[in-house]
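So the structure is just underneath, and the comments pick up after that.
Model, not experiment: these values are computed from the prediction.
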Amino acid sequence: MAVPPPAPPPRSPAHLGRRAPRARCSWGMEEKAAASAGCRAPPGPPRAGAVPCFGISVDQDDILPGALRLIRELRPHWKTEQVRTKRFTDGITNKLVACYVEEDMQDCVLVRVYGERTELLVDRENEVRNFQLLRAHGCAPKLYCTFQNGLCYEYMRGMALEPEHIREPRLFRLIALEMAKIHTIHTNGSLPRPTLWHKMHNYFTLVKNEINPSLSADVPKVEVLEQELAWLKEHLSQLDSPVVFCHNDLLCKNIIYDSAKGHVRFIDYEYAGYNYQAFDIGNHFNEFAGISLLLGTLGPYPGPVLHHRL
């Protein structure tokens, strides 16, 4: 049977020199379609139990005192004067410190403090649910507690990867296996609909008042960006990429390789949720190609924009 030639890919109206046609889709297209179809999430594992929540706020600029208060709650048998700490500096939106008493960091507790105003973009309750869900499937460390502006969880041994690591065949195969495992997870009580459009709309709502055409001729007008977003939704929604549970933020530093156990695990679940499978793959491929290094040669690294972070 003869196979017809593929249709040429559509081009984005924001980059054409003619007026783009008005998009026919709305932001809530998938949501309305799912509701009208009466979609139900496939059965999944039992819901995890409640996580302890402490009424403690940790100062972002002076983490140690607050972290030690939490450690006294979580590890009352530890002697405060023996607690060692190690700060991590790779996070973009959060601050992270490890607390432990043994030299080999056995039973290490990570204290993560949320970045200022990140709650505008990140649903922290949803993050905790995702954390527990992934833990139930063996894809995440133990979540010990939450507090007013952060959470504490188990230290995951291994090495945070760099672009040169994820291009190694033995490692990118492990990454693909872990991604595939997560993509098979189903959540109870959640419709399998993509979070992409809601996130893009939410982010655009937050920043559009800050877009000032007088700042740079390279920044499109708000109306052009709105038209571009509508175009993206109209065309990408028709590609039939499966909607699966995704990590949605597979930066190199969010992938931990444990050489002793021969596996990789993903960390940081702020943006996890149902999405197009192709988004998870494409977002990671940007890292695979070393996109942050390329951008570093062009000017300041715009990570907050590229990776949906504040």
Side-chain angles (χ1 to χ4, degrees), residues 51-103 105 107-131 140-162 199 202-203 205-207 209-210 248-249 251-256 266-272 292 295-296 299-310:
V51 177
C53 179
F54 298 113
I56 296 173
S57 181
V58 178
D59 188 343
Q60 291 187 69
D61 299 319
D62 188 17
I63 296 178
L64 192 55
L68 291 176
R69 287 181 62 194
L70 290 163
I71 292 301
R72 284 194 290 270
E73 297 285 349
L74 295 171
R75 299 293 185 270
H77 57 285
W78 286 5
K79 295 181 180 179
T80 303
E81 63 274 12
Q82 295 180 347
V83 176
R84 305 181 185 188
T85 60
K86 178 180 178 181
R87 295 175 186 247
F88 296 89
T89 58
D90 291 325
I92 298 175
T93 56
N94 307 297
K95 294 188 177 181
L96 187 66
V97 61
C99 300
Y100 58 98
V101 293
E102 298 180 19
E103 186 69 31
M105 297 181 70
D107 195 25
C108 176
V109 177
L110 293 179
V111 180
R112 189 176 72 170
V113 182
Y114 299 144
E116 186 177 1
R117 301 184 70 195
T118 52
E119 71 280 355
L120 292 175
L121 190 60
V122 179
D123 184 337
R124 295 301 180 184
E125 291 184 1
N126 190 58
E127 178 186 9
V128 171
R129 287 193 295 269
N130 291 334
F131 209 122
K142 296 176 183 176
L143 179 60
Y144 294 133
C145 76
T146 64
F147 51 95
Q148 287 183 2
N149 61 329
L151 45 80
C152 299
Y153 54 96
E154 177 186 18
Y155 174 69
M156 189 176 289
R157 293 179 174 276
M159 174 182 66
L161 300 183
E162 299 284 355
K199 287 291 185 182
N202 188 22
Y203 186 77
T205 300
L206 290 172
V207 303
N209 293 331
E210 305 299 324
N248 288 322
D249 195 23
L251 318 183
C252 293
K253 293 296 186 180
N254 283 344
I255 304 172
I256 306 298
F266 304 150
I267 60 173
D268 288 358
Y269 318 115
E270 294 174 307
Y271 305 102
S292 62
L295 290 167
Y301 171 48
V305 176
L306 289 177
H307 300 306
H308 315 290
R309 294 174 180 265
L310 291 178

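- Every residue two or more places apart in sequence or in another chain was checked for a salt bridge (Lys or Arg N to Asp or Glu O under 4.0 Å) with Glu125, and none qualifies.
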Between Asp61 and Lys95, is a salt bridge (Lys or Arg N to Asp or Glu O under 4.0 Å) present by the stated rule, with each step listed? CA-CA 9 Å; Asp61 299 319; Lys95 294 188 177 181; 3.8 Å; yes

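- Residue Ala67 comes nearest to Val97 through the heavy atom pair CB-CG1, 4.2 Å, listed as atom of the first residue, atom of the second, then distance.
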Do Leu110 and Phe88 pass the side-chain contact (heavy atoms from CB on, under 4.5 Å) test, and can you show the C-alpha distance, the side-chain angles, and the key distance before you say yes or no? CA-CA 10 Å; Leu110 293 179; Phe88 296 89; 3.9 Å; yes

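- Residues Pro141 and Glu154 share a closest heavy-atom pair of CB-O, 3.4 Å.
- Between Glu270 and the choices Arg129, Lys199, Arg124, the salt bridge (Lys or Arg N to Asp or Glu O under 4.0 Å) rule is met once, by Arg124.
- Considering CH2 of Trp78 and SG of Cys99, their distance stands at 7.0 Å, rounded to 0.5 Å.
- Val128 approaches Val51 most closely through the heavy-atom pair CG1-CG2, 4.4 Å.
- Distance check: Cys152 SG to Leu74 CG gives 5.5 Å after rounding to the nearest 0.5 Å.
- Residue Thr146 holds its OG1 atom at 10.0 Å from CG of Leu70, rounded to the nearest 0.5 Å.
- Looking at Arg84 and Met105, their side chains never come closer than 4.5 Å, going by heavy atoms from C-beta outward.
- Smallest separation of non-hydrogen atoms from Met156 and Ile256: O-CG2, 4.1 Å.
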Using side-chain contact (heavy atoms from CB on, under 4.5 Å), reason through Leu151 and Tyr114 one step at a time and then give a plain yes or no. CA-CA 8 Å; Leu151 45 80; Tyr114 299 144; 3.4 Å; yes

Does the side-chain contact (heavy atoms from CB on, under 4.5 Å) test come out yes or no for Asn254 and Phe266, once each step is laid out? CA-CA 6 Å; Asn254 283 344; Phe266 304 150; 5.8 Å; no

Can you list the steps and then say if Tyr144 with Arg75 is a side-chain contact (heavy atoms from CB on, under 4.5 Å)? CA-CA 11 Å; Tyr144 294 133; Arg75 299 293 185 270; 3.3 Å; yes

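- In this structure, the side chain of Asn248 engages the main chain of Tyr271 through a donor-acceptor pair within 3.5 Å.
- Atom CG of Asp107 and atom OH of Tyr155 lie 13.5 Å apart (nearest 0.5 Å).
- Here Asn149 contributes atom CG and Asn94 contributes atom CG; the two are 10.5 Å apart, rounded to the nearest 0.5 Å.
- A pairwise comparison of heavy atoms in Cys252 and Leu161 identifies CB-O, 3.2 Å as the closest pair.
- Between the CG atom in Leu64 and the CD1 atom in Ile71 there is a gap of 10.0 Å [rounded to 0.5 Å].
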